[in-house]
Amino acid sequence: MDQLQLQRELRDYEAAMFQQGFLDDQFSQLQKLQDDSSPDFVIEVMTMFFDDSEKLLNNMSRALEQIPVNFKQIDAYVHQQKGSSASVGAARVKNICATFRSFCEAQNRDGCVSCLQQLQKEYSQLKKNLKYLFRKQQEIKGGGGAIPTGE
């Protein structure tokens, strides 16, 4: 596959992630911080986000299994996930966290469990999509091409 076609695929795939609401403008802001002195900046930031998210999701899951449920603790985990998601532009994940927090406030365990399942699903899909995006970028770089920018 030639470089122009790879670049077009990358651009289209990324645009679809924005259109489908997986990403928002904050992700674009992260991309603008990436330059020749830090060519893997976005991948590094997102890898930290993935690591932190997995710990938080596990903590939420364990906390929801406790009797009695400590909704305040779960809310703290969800709040942290929401902030992390907002800072990297993970829009869908962030939006589920807002709903999740309202269930924590209402001390609604079933609502929290449902939100956790949604959160895990959206997080997994986001991670899968971004990993694909990053592989495409590496493929382009490996072929000597430049990563297209949205500007």
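There is a path of hydrophobic side-chain contacts, each under 4.5 Å, that joins Met17 to Ile140. Leu4 and Tyr13 are members of different hydrophobic clusters when ILVMFWY side chains are connected at heavy-atom separations under 4.5 Å.
Here Glu122 contributes atom CD and Lys127 contributes atom NZ; the two are 15.5 Å apart, rounded to the nearest 0.5 Å. Rounding to the nearest 0.5 Å places CD of Gln137 at 11.5 Å from CD of Glu139. The structure places CG of Leu119 at 11.0 Å from CD of Gln117, a figure rounded to the nearest 0.5 Å. Annotation: the span from Phe18 atom CZ to Leu23 atom CG amounts to 5.0 Å, rounded to 0.5 Å. Between Gln118 atom CD and Gln120 atom CD the span is 11.0 Å, to the nearest 0.5 Å. Here Arg92 contributes atom CZ and Cys97 contributes atom SG; the two are 14.0 Å apart, rounded to the nearest 0.5 Å.
The ring pair (Phe, Tyr, Trp, His ring centres under 6.0 Å) analysis of residues 25-53, with sequence neighbours excluded, yields no pairs. Residue pairs meeting the side-chain hydrogen bond (donor to acceptor under 3.5 Å, both in side chains) criterion with at least one member in residues 39-52, sequence neighbours excluded: Asp40-Lys141.
Among residues two or more places apart in sequence or in another chain, the side-chain contact (heavy atoms from CB on, under 4.5 Å) test is passed with Ser87 by none. With sequence neighbours excluded, the residues forming a side-chain contact (heavy atoms from CB on, under 4.5 Å) with Ile74 are Ala63, Leu64, Val69, Val78, Phe100, Cys104, listed by chain and number. Residues meeting the side-chain contact (heavy atoms from CB on, under 4.5 Å) test with Glu105, sequence neighbours left out: none. Every residue two or more places apart in sequence or in another chain that forms a side-chain contact (heavy atoms from CB on, under 4.5 Å) with Asp24 is listed here: Gln26, Ala91, Lys94.
By the 4.5 Å heavy-atom criterion applied to side chains, Gln138 and Arg135 are not counted as neighbours. Looking only at side-chain heavy atoms (C-beta outward), Ser85 and Lys82 stay at 4.5 Å or farther from each other. In this structure, the side chains of Asp25 and Gln29 come closer than 4.5 Å at one or more pairs of heavy atoms. Side-chain contact between Phe103 and Arg109 is absent, with no heavy atoms from C-beta onward closer than 4.5 Å.
Scanning both residues, Pro39 and Ser37, for their nearest heavy atoms gives CD-C, 3.6 Å. Taking each heavy atom of Thr99 and Ser102 in turn, the nearest pair found is O-OG, 2.6 Å.
Remark: the Gln81 side chain and the Tyr123 side chain contain no N/O donor-acceptor pair separated by less than 3.5 Å. A donor-acceptor contact under 3.5 angstrom links the side chains of Gln125 and Asn129, judged on distance only.
Look at Lys136 and Glu14 and you find no salt bridge, because none of the NZ, NE, NH1 or NH2 atoms lies under 4.0 Å from a carboxylate O.
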(request) Determine, stepwise, if the pair Asp2 / Gln5 fulfils side-chain contact (heavy atoms from CB on, under 4.5 Å). (result) CA-CA 5 Å; Asp2 72 0; Gln5 187 174 350; 3.0 Å; yes

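Panel note: side chain Asn58, backbone Glu54; a donor-acceptor pair is recorded below 3.5 Å.
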